[in-house]
Amino acid sequence: TMGFLRKIRPYIILVLKPVIEFIINKRVRENFIYFYFLKKSKVKKNTFLLESYHASNTTGNVYALFQKLIEENPEGTYFWVDTKKNKNLMLKYLRRKNVKIIEYESIKYYRMLAKCEYVINDTSFMPYFVKKDGQIYINTWHGTPLKTLGKDIKNMSVDDLFKVTE
C-alpha cells in the first residue's frame, strides 16, 4: 500500500493545493468571488461604477465626470467606490436613491464591477479585472507617466532623469 500512496501523492497534492490556497489566502478567495460574479452576472444597462485613485477619495477627473453624468443622465444608477466612507463630498448626492457608496473590494464591489455597464476610474483596476462584453471601461488617467518616463533605461544618471521630465 505504501507504493500505491507514493504513486498517488502528486495527484493528492495537485487536488489539495488549490483548496488549501483558497482557505489560507484572502486574495484568492476575493478573486474567486469576483470571477463568480463575472460568470453569473449580466451587464445591467445604465449603471456606473466610479473609482478614484484606488478608492482612496471621491475627487478628481472621476468626480467631475460623475457631476456631468448625473446632470445629463439622472436616471442612471451610480456606485461610488470608497475605502473610508468619505461622504462629505458626496452628501448632496447621497440623498438620491440612485447614488450609493460601496466599500472597496467588498462583495458588493465585486458584484458591481462585474455587472455595471460603465466602469470608470483614474488609475487602473486591480489585475484581476476583466472587461465583459457589454461593459465600457473609461480610464481618465490620474496624472501622466512623465514622472517615471525613462527610468527603465539602463545607465542613466539622476541628472538624465530630470531632463526626461522637462
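Quick note: numbers below take in every heavy atom, side chains included, and nothing from hydrogens, waters or symmetry partners.
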(request) Verify the cluster assignment for Phe79 and Val43: are they in a single hydrophobic cluster under the rule of side-chain heavy atoms below 4.5 Å apart? (result) no
(message) Hydrophobic clustering (ILVMFWY, side-chain heavy atoms < 4.5 Å, transitive) - are Val28 and Tyr104 grouped together?
(response) no
Residues which pass side-chain contact (heavy atoms from CB on, under 4.5 Å) with [X], listed by chain and number, not counting sequence neighbours:
X     : answer
Glu72 : Lys68
Leu5  : Met2, Ile8
Leu16 : Ile12, Ile20

N/O donor-acceptor pair under 3.5 Å between [X] side chain and [Y] backbone:
X      : Y      : result
Asp122 : Ser52  : no
Asn98  : Pro74  : yes
Lys45  : Glu117 : no

Would you indicate whether the side-chain heavy atoms of [Y] and [X] approach each other to under 4.5 Å?
X      : Y      : result
Asn121 : Asn139 : yes
Phe66  : Ile120 : no
Glu105 : Lys26  : no
Leu50  : Leu65  : no

(request) List the atom of Val130, the atom of Gln135, and the distance in Å for their closest heavy-atom pair. (result)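 The answer is O-OE1, 3.9 Å.
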(message) How close do Arg27 and Met126 get, counting heavy atoms only, and between which atoms?
(response)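 Looking at all heavy atoms of both residues, the shortest contact is NH2-CE, 3.9 Å.
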(message) For residues 6-21, which residue pairs pass the side-chain hydrogen bond (donor to acceptor under 3.5 Å, both in side chains) check, not counting sequence neighbours?
(response)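 Applying side-chain hydrogen bond (donor to acceptor under 3.5 Å, both in side chains) to every pair that reaches into residues 6-21, excluding sequence neighbours, yields Glu21-Asn25.
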Measure the spacing between [atom1] of [X] and [atom2] of [Y] and express it to the nearest 0.5 Å.
X     : Y      : atom1 : atom2 : answer
Thr47 : Tyr118 : OG1   : OH    : 9.0 Å
Asp82 : Ser106 : CG    : OG    : 11.0 Å
Glu75 : Thr77  : CD    : OG1   : 10.0 Å

Under 3.5 Å donor-acceptor pairs involving side-chain atoms of residues 107-114, not counting sequence neighbours:
unit_1	atom_1	unit_2	atom_2	d
Tyr109	OH	Glu51	OE1	2.8
Tyr110	OH	Glu30	OE1	3.4

(message) Restricting to ring pair (Phe, Tyr, Trp, His ring centres under 6.0 Å), what partner residues turn up for Phe22, sequence neighbours left out?
(response) Phe32
(message) Does the plane of the ring in Phe48 sit parallel, tilted or perpendicular to the ring in Tyr78? Use 30° and 60° as the thresholds.
(response) parallel
(request) Answer yes or no: does atom OH of Tyr36 have more than 12 heavy-atom neighbours from other residues, nucleotides or ligands under 6.0 Å? (result)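 It does not: Tyr36 OH has 12 such atoms or fewer within range.
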(message) Does Lys131 have more than 12 heavy atoms from other residues, nucleotides or ligands lying within 6.0 Å of its NZ?
(response) yes
